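In what follows, a structure is listed as structure tokens, so that the remarks can point back to it.
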There are 2 protein chains.
Amino acid sequence: MKLAEARTEFITKWGAFGSHWGINRTMAQVHALLLISADPLSQDDIMEQLNVSRGNANMNIRALMDWGLVERVIIPGERREFFVAEKDIWKVATQILRERKKREFDPMMKTVESLENIEGDKKDKNHKQFTETISSIKTFGRQADRMMDVMVKADENWFIGSLMKFFK
Amino acid sequence: MKLAEARTEFITKWGAFGSHWGINRTMAQVHALLLISADPLSQDDIMEQLNVSRGNANMNIRALMDWGLVERVIIPGERREFFVAEKDIWKVATQILRERKKREFDPMMKTVESLENIEGDKKDKNHKQFTETISSIKTFGRQADRMMDVMVKADENWFIGSLMKFFK
DNA sequence: ATGAACTTTCACAAAGTTTTGAAAATTCAG
DNA sequence: CTGAATTTTCAAAACTTTGTGAAAGTTCAT
């Protein structure tokens, strides 16, 4: 397989994969393109290589910077802005975990906590089921929370190394 | 806060949360409703409590069964089918992990593996960057794969217990 | 075998999301 | 300053996903 072909395939598949992960298709494709590009790319490079409009490219580059997956670099003598992706996959994964925890998980846990104490007949079976469900989600959430923290703070070798030895 | 109110809030929020997780809004709402219901519910109960159409309810109950999160139960003397959700949150989480791994992660890794060997000038910097990216995704993927396997196979107390002691 | 009860399907409608491209805003060299 | 290069915004269009409800299909007690 030729490089050009392989690059296209990777970009397409990473795009589809990303769309399952709270990252939209174009955003994931821009990310894929930057991951496999040795040099920083300008917005026009990205538009051209992915065949997307100016607005779309701009929006998604911005979103990738918000997620902390892409950085702006300044090339001396160049007026335009260039972009590079973080290439260390462990960092990419923990960064995504961190963001999604903040955006989705933490708010959900806040809601769950706010639903812990409800009035009414504690003998009613639906009342009982409700409080049991809420409290088990809360317990599970606390554990997941700690686990995510550990992962996000650990560096790759320490974390995976220890975990794998442990679970061998 | 009253039970009815709290139930509605929980269903709404779980619905929004689920939609970030490859589970659509109605599907997550049906799941939420079943999680907090002490008794099995019929399709009509679900339609009524969530204000959704027959077709929609049917489709999403079916999808939840596909995901292994909901089961059909037969109530003696009743013609209709009833449904219950798995209430153990750890089982719910590992089941979702298992399904998403199968549907999204495994195919992505297969693609990555197929892109490992490409022709061309190994000195070209984009060629080099491409193979490096692919190989680091592959390495990361193998580790993630083993980790998911351990989680999915472990039972809650063993897994969380050990992990937490370990990382204390 | 019949038909009432119940479940499934599917074409179309509604809702939601993403993309476009042109116009407005900003930046910067001269 | 000025104006060319570049970036940002945003309303409308295209596309995608989800939901509806009526009709078709199935099941089962009689």
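So that the names make sense, note that chain A is the first sequence line, chain B the second, and so on, each numbered from 1. These figures come from a predicted structure and were not determined experimentally.
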**Q.** Listed nucleotide nearest any side-chain atom of B:Asn56, set D:dT8, D:dT20, D:dA4
**A.** D:dT20
Q: To the nearest Å, give me how far apart CD1 (A:Ile61) and P (D:dT8) are.
A: 9 Å
Q) Want to settle it: does A:Val52 or B:Glu78 sit nearer the 5' end of DNA chain C, counting the closest nucleotide to each? A) B:Glu78
**Q.** A:Asp45 side chain to A:Ser42 backbone, donor-acceptor under 3.5 Å
**A.** yes
Q. In whole Å, what is the span from the CG atom of B:Asp44 to the C1' atom of D:dG21?
A. 14 Å
Q: Find the distance B:Asn51:CG to D:dT20:P and express it as a whole number of Å.
A: 9 Å
Q) Starting at the 5' end of DNA chain D, which residue's closest nucleotide do you reach first, B:Asn60 or A:Glu81? A) A:Glu81
Q: Figure out the CZ/C1' separation between A:Arg25 and D:dC15, and round it to whole Å.
A: 10 Å
Q) Can you tell me if the side-chain N/O atoms of B:Thr26 get under 4.0 Å from OP1 or OP2 in D:dT18? A) no
Q.
Does A:Arg54 reach a base, just sugar-phosphate, or nothing at all? Heavy atoms under 4.0 Å.
A. base
Q. How many Å lie between CZ on A:Arg72 and P on D:dT6, as a whole number?
A. 15 Å
Q: Specify the separation, in whole Å, of atom CG of B:Leu50 and atom P of D:dG19.
A: 11 Å
Q: For a side-chain contact (heavy atoms from CB on, under 4.5 Å) with A:Leu41, tell me which candidate from A:Val84, A:Ile46, A:Val30 qualifies.
A: A:Ile46
**Q.** Any N/O donor-acceptor pair, B:Arg79 side-chain to D:dT27 base, under 3.5 Å
**A.** yes
(Q) Please confirm whether the shortest side-chain N or O distance from A:Arg62 to OP1 or OP2 of D:dT8 is below 4.0 Å. (A) yes
Q | Distance-only donor-acceptor check, side chains B:Arg146 and B:Gln143, under 3.5 Å | A | no
Q.
If hydrophobic clusters are built from ILVMFWY residues whose side chains come within less than 4.5 Å, do A:Leu35 and A:Phe82 share one?
A. no
(Q) Using a strict threshold of under 4.0 Å (side-chain N to carboxylate O), is an ion pair present between B:Glu132 and B:Lys128? (A) no
Q: Ignoring hydrogens and angles, tell me if any N or O in the side chain of B:Arg7 forms a donor-acceptor pair with the backbone of B:Ile36 under 3.5 Å.
A: yes
Q) Please give, in whole Å, the distance from D:dT26 C1' to B:Asn58 CG? A) 13 Å
Q. Is it true that A:Lys153 and A:Asp149 make a salt bridge, defined as a side-chain N closer than 4.0 Å to a carboxylate O?
A. yes
Q | Outermost DNA chain C nucleotides near chain B [under 4.0 Å, heavy atoms] | A | C:dA4 to C:dT9
Q: For B:Asn24, report the nucleic acid contact type (base, sugar-phosphate, nothing); a contact means any heavy atom under 4.0 Å.
A: sugar-phosphate
Q) Rounded to whole angstroms, how far apart are CD1 on B:Ile75 and P on D:dC28? A) 16 Å
